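All values reported here derive from a predicted model rather than from experimental measurement. Starting from 1, each residue takes its place in the sequence as its number. What's counted below: heavy atoms across the whole structure, side chains too, no hydrogens, waters or symmetry copies.
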Amino acid sequence: LQKLIHLLQATDDPLIQEQALITISNSAAFSANQNIIRNLDGLSVIGGMLSDCVPTVKEKALNALNNLSMNTKNQEEIQVYIMQVCRNVESAPLNSDLQLAGLRLLTNMSVTCDYHHKMINSIPCFFHLLSEGTERTQIQVLKVLVNLSANPAMARYLLRAQV
């Protein structure tokens with residue numbers, strides 16, 4: 001894992017980055033590895049990939065962060081990327097794998113109310129995706145909206161959203 005994280009930092013080759021991110025993502029299926037990746041500063045390295053200009057690299061980074069977001073300590077570090085993830089969802093092509101990867105991560109990050117406030121500005125986008133997206137996109141957006149609606153503090157933002 002340490003070598004994969006160093007590889008991500010050392011290369012600009014998108015194909016190598018994608019393969020390293022896929023391997024890290026698969027490794028994150030095990031809770032012990034989630035802690036190791038966090039302790040190796042892997043979350044910030046992967047989070048840094050969200051600003052990459054290659055959409056497939058961003059997508060793989062989102063998938064890795066999604067798998068890593070299954071524990072609360074990781075969520076505490078991943079939450080700094082929520083607004084950037086929201087921007088990626090808004091700017092990604094409609095129904096793209098990149099957009100769906102971002103929505104999946106937002107779903108996990110919205111399970112608790114801790115980070116809902118970071119998604120407020122994206123609520124109109126979520127409703128737009130609900131209206132315009134394919135069934136896969138709609139299902140993923142609904143998961144985010146259901147999580148947000150479980151928080152009474154979010155009610156006014158959900159009800160006042162320009163749709």
Side-chain angles (χ1 to χ4, degrees), residues 1-112 114-126 128-129 132-141 143-144 147:
L1 289 171
Q2 186 175 29
K3 289 182 186 211
L4 286 169
I5 292 167
H6 286 301
L7 182 61
L8 281 177
Q9 293 173 304
T11 186
D12 289 332
D13 185 331
L15 294 175
I16 294 172
Q17 290 172 333
E18 285 179 49
Q19 290 305 310
L21 287 165
I22 289 168
T23 304
I24 290 171
S25 183
N26 291 339
S27 299
F30 303 98
S31 56
N33 289 344
Q34 292 177 8
N35 295 329
I36 292 168
I37 293 167
R38 181 184 64 252
N39 293 333
L40 292 171
D41 200 32
L43 297 175
S44 65
V45 173
I46 297 166
M49 310 298 288
L50 296 178
S51 58
D52 196 287
C53 59
V54 180
T56 53
V57 171
K58 282 187 208 180
E59 176 200 339
K60 302 305 187 263
L62 287 165
N63 288 336
L65 289 175
N66 182 48
N67 288 349
L68 288 160
S69 71
M70 296 300 183
N71 83 40
T72 55
K73 285 187 179 180
N74 284 358
Q75 282 192 356
E76 290 171 14
E77 290 191 31
I78 293 170
Q79 60 93 16
V80 300
Y81 302 107
I82 289 176
M83 294 196 304
Q84 185 174 6
V85 173
C86 288
R87 286 191 299 272
N88 283 339
V89 167
E90 291 175 30
S91 64
L94 183 63
N95 305 313
S96 64
D97 289 336
L98 174 59
Q99 191 172 63
L100 288 167
L103 288 168
R104 282 191 297 273
L105 176 56
L106 292 176
T107 299
N108 283 348
M109 295 301 292
S110 64
V111 168
T112 65
D114 297 341
Y115 311 115
H116 286 181
H117 63 282
K118 294 184 176 233
M119 299 180 204
I120 288 171
N121 292 335
S122 294
I123 290 173
C125 172
F126 298 151
H128 171 74
L129 294 176
E132 299 296 322
T134 61
E135 186 176 329
R136 281 178 49 197
T137 301
Q138 290 171 337
I139 289 169
Q140 207 57 56
V141 170
K143 290 177 180 183
V144 174
N147 288 345

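- D41 meets the side chain to side chain donor-acceptor pair (under 3.5 Å) test with S44; sequence neighbours excluded.
- Counting heavy atoms from C-beta outward, L7 and I16 have side chains that approach closer than 4.5 Å.
- For the atom pair CZ of R87 and OG of S51, the computed distance is 10.0 Å after rounding to the nearest 0.5 Å.
- In this structure, R136 pairs ionically with D97, as a charged nitrogen and a carboxylate oxygen lie closer than 4.0 Å.
- Of the possible donor and acceptor atoms, one in the side chain of N147 sits under 3.5 Å from a partner among the backbone N and O of T107.
- Between Q138 atom CD and E132 atom CD the span is 9.5 Å, to the nearest 0.5 Å.
- Counting heavy atoms from C-beta outward, L129 and L103 have side chains that approach closer than 4.5 Å.
- Counting non-hydrogen atoms of neighbouring residues, nucleotides and ligands closer than 6.0 angstrom, the CD atom of Q2 reaches no more than 12 such neighbours.
- Annotation: side chain of H6 is not in contact with side chain of K3 (no heavy-atom distance under 4.5 Å).
- The side-chain heavy atoms of P14 and T56, taken from C-beta on, include no pair separated by under 4.5 Å.
- Counting heavy atoms from C-beta on, the side chains of M119 and M109 come closer than 4.5 Å.
- Residues L62 and G102 approach most closely at CD1-N, 3.7 Å, considering heavy atoms.
- Taken from CG in L100 to OG1 in T134, the straight-line distance is 6.5 Å, to the nearest 0.5 Å.
- Heavy atoms only, all atoms of each residue included: Q17 and D12 are closest at NE2-CA, 3.9 Å.
- At distances below 3.5 Å, at least one donor-acceptor pair connects side-chain atoms of Q99 with backbone N or O atoms of V89.
- Two residues are said to be in side-chain contact when any heavy atoms from C-beta on lie closer than 4.5 Å; F126 and Q140 fail this criterion.
- Here N74 pairs with Q34, R38, L43, L68, N71, I78 under the side chain to side chain contact (heavy atoms under 4.5 Å, CB included) rule; sequence neighbours left out.
- Summarising the geometry, atom CG belonging to N63 is positioned 11.0 Å from atom CD belonging to E18; distances are rounded to the nearest 0.5 Å.
- To the nearest 0.5 Å, the span separating CE on M49 from CD on Q9 amounts to 9.5 Å.
- Here E90 pairs with S122 under the side chain to side chain donor-acceptor pair (under 3.5 Å) rule; sequence neighbours left out.
- Between the D52 side chain and the V57 main chain, no donor and acceptor come within less than 3.5 Å of each other.
- How far CD1 of I37 is from OG of S27: 6.0 Å, rounded to the nearest 0.5 Å.
- Between P93 and S96, the shortest heavy-atom contact is O-OG, 2.8 Å.
- Using a 4.5 Å heavy-atom threshold, the side chains of T72 and T112 count as separate.
- A side-chain N or O of S25 and one of N67 form a donor-acceptor pair less than 3.5 Å apart.
- Side-chain contact between L106 and K143 is absent, with no heavy-atom pair separated by less than 4.5 Å.
- Under the 3.5 Å distance criterion, the side-chain polar atoms of Q75 are matched with a main-chain donor or acceptor of N108.
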T23/N26 under side-chain contact (heavy atoms from CB on, under 4.5 Å): CA gap, chis, key distance, verdict: CA-CA 5 Å; T23 304; N26 291 339; 5.8 Å; no
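- Between the T11 side chain and the L8 main chain, no donor and acceptor come within less than 3.5 Å of each other.
- Closest approach of P55 and L98 over heavy atoms only: O-CD1, 4.0 Å.
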